[in-house]
Amino acid sequence: MADSKAFRPKAPVDRSLFASDIEAKVKALRAQLHHHAHCYHTLDAPEIPDAEYDRLFRELQALEAAHPALVTPDSPTQRVGGKVLDGFSPVRHAVPMLSINTETDTEPAGAQNFDARVRRALGLAETDPPVGYVAELKFDGLAMSLRYEHGVLVQAATRGDGEVGEDVTQNIRTIGQIPLRLQDVPSGSRGPGETLAVPAVLEVRGEVYMRRDDFEALNARQRERIAAGEKGEKTFVNPRNAAAGAVRQLDPAIAAQRPLSFFAYGLGEVTPAAQGGPRFETHYDLLQTLKSWGFPVAAQVQRCLGASELIAYYQHIGATRDQLPFDIDGVVYKVDRLDLQRQLGFVTREPRWAVAHKYPAQEQLTTVLAIDVQVGRTGKLTPVAKLAPVFVGGVTVTNATLHNEDEARRKDVRVGDTVVVRRAGDVIPEIVGVVPTAVRPEPFDGLRTGPVGGLRPPPPERGPQFTMPRICPVCSSAAVREEGEVDYRCTGGLFCSAQRKQAILHFAQRRAVEVEGLGEKLVDQLVDGGVVKTLPDLYRLGLTALAGLDRMADKSAQNIVQALQKSKQTTLPRFLFGLGIRHVGEATAKALAQHFGKLDAIMGETAESAATVAQLLEVADVGPIVAESIHTFFQQPHNREVVEQLRACGLTWPEGEPAPREALPLAGKTFVLTGTFPTLGREEAKALLEAAGAKVAGSVSKKTDYVVAGAEAGSKLDKAIALGVPTLDEAAMLALLRG
Ligand code: IVH
């Protein structure tokens with residue numbers, strides 16, 4: 001939002017409106033912008049995403065540009081930056097804190113445009129060599145000026161309106177990454193002829209921000225406080241907001257509990273070279289010196305030659321943006337040579353030698369059209385908000401999960417609400433929060449015709465509080481929430497067509513038995529039409545049944561029949577995984593197949609002879625919950641029936657003996673460990689034995705083959721001796737392992 005003035009009005013203006021309408025519109029926009037600027041700057045609690053604020057701002061700018069008579073001195077377009085809060089002393093910046101021109105073209109062309117402007121301003125011909133730049137991250141925090149006198153931090157000030165900021169020294173002192181005292185750099189660590197001494201006056205400019213993990217932890221703590229009934233506590237919308245709140249906390253003790261970080265990216269006032277101050281040739285050099293004086297400088301700072309390297313940087317950072325531990329909203333390009341920077345100078349209050357190149361916004365506004373409840377493969381019910389389509393984080397989003405009932409209620413999302421949607425990287429889109437003051441969310445493409453403001457719609461337009469249905473929305477079986485669980489589950493099992501569909505899709509997926517071409521639409525048709533009720537029904541599908549389906553060409557029907565035929569030759573791990581046993585993923589399915597060798601060793605010829613929980617626990621990585629789940633699965637007659645029928649339909653896989661295990665030197669041997677070993681930790685010893693095929697048990701019995709005893713071995717050793725179980729020390733065990 002701080003960059004709004006950088007946006008150029010481009011929007012078309014409908015000149016057919018009456019003057020009084022336009023005046024009313026301008027007033028309404030101003031009132032809205034004032035409200036949101038107050039929420040953002042003074043309360044640190046924005047209600048709308050920056051992108052929406054920028055749209056409103058541009059809309060006003062466009063109207064004012066078309067009707068200059070309507071411009072007033074108090075218009076938000078005539079003012080930059082934040083308002084100085086009561087409670088902090090004002091600080092006049094010795095060197096103004098400027099803003100940067102923003103390149104809103106999120107295509108690589110943004111970098112080309114900047115390079116072309118720089119070259120033109122420097123009077124360079126096409127044949128002249130490329131300009132050297134420094135490319136940096138554009139941190140999404142708040143700008144800070146740190147003033148050091150004789151190496152001691154004496155003042156920290158916010159940007160404010162660029163001329164006058166707020167004195168927040170006490171709060172900034174609590175940031176561990178900001179040095180309170182600077183040390184001269186030992187000579188020899190830098191190039192020749194450079195000043196290493198810390199100048200008498202040094203103002204370092206940079207960004208205070210909050211890491212995403214720190215932000216999540218802070219919000220988790222805040223939620224606990226709210227739950228504990230502490231007054232005046234709130235959660236924060238995003239890391240930048242939380243950082244701004246912390247910096248402008250009037251109580252430094254509270255500020256200290258909000259974990260902040262800092263990156264340096266430039267200088268303010270500095271003792272001139274003539275008076276013994278540093279003489280830097282390049283911006284890069286300046287950053288390296290700041291680093292050597294103890295300031296955090298982002299590792300991503302990079303020298304780039306010409307537009308092509310700027311584009312490569314923009315693309316590389318864009319692709320890896322979500323892996324950074326903090327938020328950025330773009331990158332910044334700066335001309336590297338300081339003499340060229342001076343030559344380029346400023347236009348109004350923006351340097352001609354720097355530009356911010358933004359990425360597509362990760363947050364946008366939209367409205368909630370409905371809240372649906374979806375049923376997953378295991379019967380889990382998930383509330384999903386259906387949204388008016390919105391372009392965010394590079395894709396069009398129409399759904400956002402609300403996870404569960406508690407989450408939906410905590411956010412109090414209701415039908416008709418205007419919400420902030422966030423989509424970062426490949427992450428599933430999520431609803432950040434509800435906007436209490438409704439704003440028309442469609443992208444600005446001219447004059448808005450409807451009201452720009454208003455309250456959250458009243459009922460019946462605004463729906464009731466979300467409640468999870470107590471019956472499955474698909475099959476009407478009871479939906480229950482078990483003690484201590486957050487999720488409701490449909491109890492219908494495979495009676496529930498939603499679960500059946502998911503079960504079929506799971507079975508047919510590439511990582512399971514793989515039936516090429518069997519996608520969601522086809523499965524919907526097959527299940528809804530009652531053609532497929534259980535997995536084996538798939539293999540009973542004939543060409544006629546398939547070709548009879550809506551929009552199914554003969555050729556596609558043939559392909560499906562062939563794909564089904566092909567899927568019959570599979571492997572035991574794929575088959576086991578495909579059955580969709582709760583908690584059995586691909587890795588567990590592989591471990592089971594390897595351990596037991598054949599399916600009958602797991603499911604038994606009858607339910608009574610199926611592998612017991614204890615036997616299942618012998619499988620590497622299978623714990624009590626997984627073992628219980630596998631055991632229960634094969635005790636259900638209908639599950640056994642499904643497996644039998646699939647085999648009868650011709651599904652086969654190579655089976656073996658659990659050969660590799662028996663070949664292991666200690667296969668079938670049971671060990672018990674007791675006491676402390678001279679070199680190995682308990683877990684290490686256990687892992688070595690298990691890797692050799694042994695089982696490590698917790699207590700000694702007649703069936704125990706060896707007890708390995710270390711120092712201070714207790715009752716287990718006594719028992720071994722009493723039962724006549726052979727005992728070993730660590731060295732003997734290692735010898736046994738070596739075979
Ligand atoms: S340089 C004269 N470098 O972006 C140029 N600013 O409008 C002064 N920002 O609020 C700024 N990352 O706090 C610069 N690597 C970076 C930056 C950066 C973030 C912020 C800055 C200011 C806005 C510039």
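Because only heavy atoms are used, hydrogens play no part in the values below, and waters and symmetry mates are left out as well, while side chains stay in.
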Would you say Arg540 and Gln645 are linked by a side-chain donor-acceptor pair, where the criterion is simply a distance under 3.5 Å? yes
What about the rings of Tyr209 and Phe263, do their centers lie closer together than 6.0 Å? yes
Could you go step by step and tell me if Thr534 and Arg500 meet the side chain to side chain donor-acceptor pair (under 3.5 Å) rule? CA-CA 7 Å; Thr534 65; Arg500 238 180 303 148; over 6 Å; no
If I compare all heavy atoms of Ser701 with all of Val725, which pair ends up nearest, and what's the gap? O-CG2, 3.8 Å
Taking the basic N atoms (NZ, or NE/NH1/NH2) and the acidic carboxylate oxygens, is any pair closer than 4.0 Å for Asp213 and Arg211? yes
So which heavy atom on Arg409 is nearest to which on Phe466, and how close? NE-O, 2.9 Å
Ignoring hydrogens and angles, tell me if any N or O in the side chain of Glu655 forms a donor-acceptor pair with the backbone of Leu599 under 3.5 Å. yes
Any side-chain to backbone donor/acceptor pair from Ser629 onto Arg582? Under 3.5 Å, distance only. yes
Side-chain donor or acceptor of Thr571 paired with backbone N/O of Arg574 under 3.5 Å: yes
Exam field: side chain Asn241 to backbone Phe236, donor-acceptor pair closer than 3.5 Å: no
On a heavy-atom basis, the closest approach of Arg321 and Arg212 is O-NH2, 4.2 Å
Test item: Gln177 side-chain N/O and Phe262 main-chain N/O as donor-acceptor pair under 3.5 Å: yes
Val375 versus Leu381, closest heavy-atom pair with distance: CG2-CD2, 3.7 Å
From CD (Glu730) to OG1 (Thr679), nearest 0.5 Å: 3.0 Å
Does Lys590 NZ have over 12 foreign heavy atoms under 6.0 Å away? no
Could you go through the salt bridge (charged side-chain N to carboxylate O under 4.0 Å, His left out) check for Arg221 and Glu224 one step at a time? CA-CA 5 Å; Arg221 278 203 306 277; Glu224 275 168 26; over 6 Å; no
Rounded to the nearest 0.5 Å, how far does CD of Gln509 lie from CD of Glu514? 10.0 Å
If you look at every heavy atom in Pro383 and Met468, which pair is closest and at what distance? CD-CE, 3.7 Å
Taking Arg225 for the side chain and Glu230 for the main chain, is one N or O donor matched with an acceptor at less than 3.5 Å? no
When every non-hydrogen atom of Cys475 is compared with those of Phe495, the smallest separation belongs to O-CE2, 4.0 Å
If only atom types and distance count, is the side chain of Arg640 paired as donor or acceptor with the main-chain N or O of Gly604 below 3.5 Å? yes
Could you give the distance from CD1 (Ile317) to CD (Gln302), rounded to the nearest 0.5 Å? 7.5 Å
Whether the side chain of Thr491 engages the backbone of Ala478 through a donor-acceptor N/O pair (distance < 3.5 Å, no angle test) should be reported. yes
Give a yes or no on this: more than 12 heavy atoms of other residues, nucleotides or ligands lie within 6.0 Å of atom CD of Glu644. yes
Kindly say whether Phe577 contributes a backbone atom to a donor-acceptor pair with the side chain of His506 at under 3.5 angstrom? yes
Can you confirm whether the side chains of Thr378 and Arg489 place a donor and an acceptor under 3.5 Å from each other? yes
Lys716 side-chain N/O to Val708 backbone N/O, donor-acceptor pair under 3.5 Å: no
